[in-house]
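Notes to accompany the following structure.
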Number of protein chains: 2
Amino acid sequence: MVQKKRPTLYDVAKQANVSIATVSNVLNNKDEASEETIKRVNEVIKQIGYSRNESARSLKRGESKLIGLIVPDNNPFFTEILDGIQQECEYYDWQVVVANSEESEKRQNQLIELLSAQQVSGIILAPVSETLSTTKIKENAPIVLIDREVENVKLPVIKADNIDGCYKATKKLLKNGHKRIGLILASPGISTTVQRKQGYVEALSSQNIQIDEELIQFGGNYTGTKAQINGGYQAVMRMMNLPSPPTAIFATNHLLMIGALKAIKEQNLSIPKDISFIGFDDHPWQEISSPKLTIVSQPAFEMGRQAIHALHKLKTKDEVITASLPLKLIIRESCGTV
Amino acid sequence: MVQKKRPTLYDVAKQANVSIATVSNVLNNKDEASEETIKRVNEVIKQIGYSRNESARSLKRGESKLIGLIVPDNNPFFTEILDGIQQECEYYDWQVVVANSEESEKRQNQLIELLSAQQVSGIILAPVSETLSTTKIKENAPIVLIDREVENVKLPVIKADNIDGCYKATKKLLKNGHKRIGLILASPGISTTVQRKQGYVEALSSQNIQIDEELIQFGGNYTGTKAQINGGYQAVMRMMNLPSPPTAIFATNHLLMIGALKAIKEQNLSIPKDISFIGFDDHPWQEISSPKLTIVSQPAFEMGRQAIHALHKLKTKDEVITASLPLKLIIRESCGTV
DNA sequence: CTCCTTTACTTAAACGTTTAAGTAAGTTAT
DNA sequence: ATAACTTACTTAAACGTTTAAGTAAAGGAG
């Protein structure tokens, strides 16, 4: 594995008969060199295949061209966020280092430090807990929250308008005549869960329907794809064993939805004839599912883009942007009457 | 956005009454300090919350703790690979910067340089073309190929045994009595396509069945999820319009499969009654699909892990590991008789 | 008690940038 | 004609590590 040594500023400077400072200035478009010199330097750069040693640059500037992304898992939702982040990073000439907190707060905090040690320009964080240690925020890279918020610190946050999205979905089921609507939520400890529940509750309240806590089931206390799917499955099973089971079910994330649908199928219930259903997140396979699923769709890609934008604003103008992007209720067959 | 300055080796050294060299040695477990000093230094480190400036370290060592991952898109297959890579990187204390080549060779080559400029320890690359510029390999970070191989250079490669996997799948369809089997492939320019076709051809040849080129359709000349799905869709449409259409279809990647299934559905054909089907890649939603899909399953997570392992071996022992991991044919309902 | 080794350090240079400060020549203002 | 400014550079220090080379003290061998 003999790797050729990369040329440095010195090599360029020597060849172009200027000092390294001049080369550096040309590289950074500092406009302090003559047209001629700029041309000559650029030619040498191309000729000997020079490119910057970013470690050296980061050391001097105290900041690298990397930004960190910390997600709790690599499910398709976060992958789509990553996609948006990557696209927007293109513009700012940033690159993304991705880390997986596995829904563990301890790991999350370690990762923040690891990334800061890399001198990242900033961190996009989908936090796993309801609060965030303030020293973490003061002493490390600038942080923008994505998807989920925390209570104790004021940070930029790009999220979905979960309350409104779930309000709309629940309203739709109510409009279709349902009074007993089962709600399947992920783990209680994150803001999305709280807000999704709130949307549901507000919708029921708006029709003066009493909340039945037995119809609200948590299915996401576990981590991992299989466990989450199982959580959705078990949640439905519990509901259907109630003396008065729900006539409609709303599953508030993708994996919970898959588990829920599995349980419904096993119970030999037909959607939407026997039970109505609304799920979460739109993915390609839903084009071929039957019945076609009514779902709440999140603008994940756009969230990724805006998070990077918010990070840039935070860094350059100290502006704390927070955005709550609208969720779209995509009405298809599974919720009954369209 | 006033970010507190991170403490340096000097700060630790001063507090612990030693030189920075000693602190560095303690940090790197160089075992040249007394028990007492080690303890004292570690205490100070914890107390003032010191962690290394990785840019400085990378500059001095000529190598960072980052590894680059270049994928052509962020589809679930590559996400699972990323998962495996992240897990294995944990062990080597590496972090992953992900880049998306968007199936463009030009972009891929730019990314290799960008990552090398970051002094990455190595690059895991899913190449977009059949060859790779040799200067790229000589002058940049060590590269391990994943999923796809290239012809002109000898690099470690961790791939799936596509020939065997597709041979088995085709054989299964033949065993179930099919003679006219439609094959849907991605773009012609990558090794996986070539090998998947080869497996199919070998299976047919083993039964002395003549290859009908009209039954081999490329659906993946386009980039992007929608385009790929459409490619699968169009491929089926073309096949079904043949004078003598296939009685079975084998779609050799996930998105092509979804498009193919969509077309089959639209043609009002029932699987497996009217047409048999085998697809590619197992994902959670398939638990609730009907009919249950017979698919060729790739060990993506394991490929990611092994790629990192191969990279490490390449770096430490100059060993060029290549592995061709077995594909599993998971037989369910869609291919007819089980 | 000398010499040699080992232990436990310290000193100082180097990695490849960026940038503040300096300079020399040319241009403009008065 | 001289001062003041501008242009186009150069010099040198600094960022925070790692590491080769040096050193001083302690321990052991002869």
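Within every chain, numbering begins at 1; the chains are lettered A, B, ... in the order of the sequence lines, protein sequences first and strands thereafter. This structure is a prediction, so every number in the text was calculated from the model and none was measured.
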Q.
Can you confirm whether D83(A) sits close enough to N100(B) that some side-chain heavy atom of one is under 4.5 Å from a side-chain heavy atom of the other?
A. yes
Q. Tell me, do L311(B) and P156(B) make a side-chain contact under 4.5 Å, heavy atoms counted?
A. no
Q. Does any residue of residues 37-44 of chain A have a heavy atom under 4.0 Å from DNA chain C, and if so, which ones, in number order?
A. none
Q. Do the side chains of L66(B) and Q95(A) get nearer than 4.5 Å, heavy atoms only?
A. no
Q. Quick one: does V23(B)'s side chain get under 4.5 Å of Y10(B)'s, heavy atoms only?
A. no
Q) What pairs meet the salt bridge (charged side-chain N to carboxylate O under 4.0 Å, His left out) rule with one or both residues in residues 33-42 of chain A, with sequence neighbours excluded? A) none
Q) Considering only heavy atoms from C-beta outward, does the side chain of N53(B) approach that of R6(B) to under 4.5 Å? A) no
Q: Could you point out which residue of L69(B), V96(B), I81(B), V98(B) forms a side chain to side chain contact (heavy atoms under 4.5 Å, CB included) with Q86(B)?
A: V96(B)
Q) Is there side-chain contact between Q306(B) and I321(B), with at least one heavy-atom pair below 4.5 Å? A) no
(Q) Are there over 12 heavy-atom neighbours, none belonging to K14(B), within less than 6.0 Å of that residue's NZ? (A) no
Q. Is there any salt bridge (charged side-chain N to carboxylate O under 4.0 Å, His left out) pair reaching into residues 110-129 of chain A, and which pairs are they, with sequence neighbours excluded?
A. E113(A)-K136(A)
Q. Is there side-chain contact between T22(A) and S19(A), with at least one heavy-atom pair below 4.5 Å?
A. yes
Q. Per the end-axis method with five pairs at each terminus, what is the bend angle of the helix from dC1(C)-dG30(D) to dT30(C)-dA1(D), to 10°?
A. 40°
Q. Considering only heavy atoms, which members of residues 6-16 of chain A lie under 4.0 Å from some atom of DNA chain D?
A. none
**Q.** Side-chain touch P127(B)/L145(B), heavy atoms, less than 4.5 angstrom
**A.** yes
Q. Which nucleotide span of DNA chain D, 5' end to 3' end, has atoms closer than 4.0 Å to non-hydrogen atoms of chain B?
A. dG16(D) to dT19(D)
Q.
Under 4.0 Å, heavy atoms only, any strand: does I20(B) hit a base, just the sugar-phosphate, or nothing?
A. base
Q.
If I compare all heavy atoms of L59(A) with all of A56(B), which pair ends up nearest, and what's the gap?
A. CD1-CB, 3.7 Å
(Q) Once you apply a heavy-atom cut-off of 4.0 Å, does S24(A) come out as touching a base, just sugar-phosphate, or nothing? (A) base
Q) Which sits closer to the 5' end of DNA chain C, A21(A) or S19(B), going by the nucleotide each is nearest to? A) S19(B)
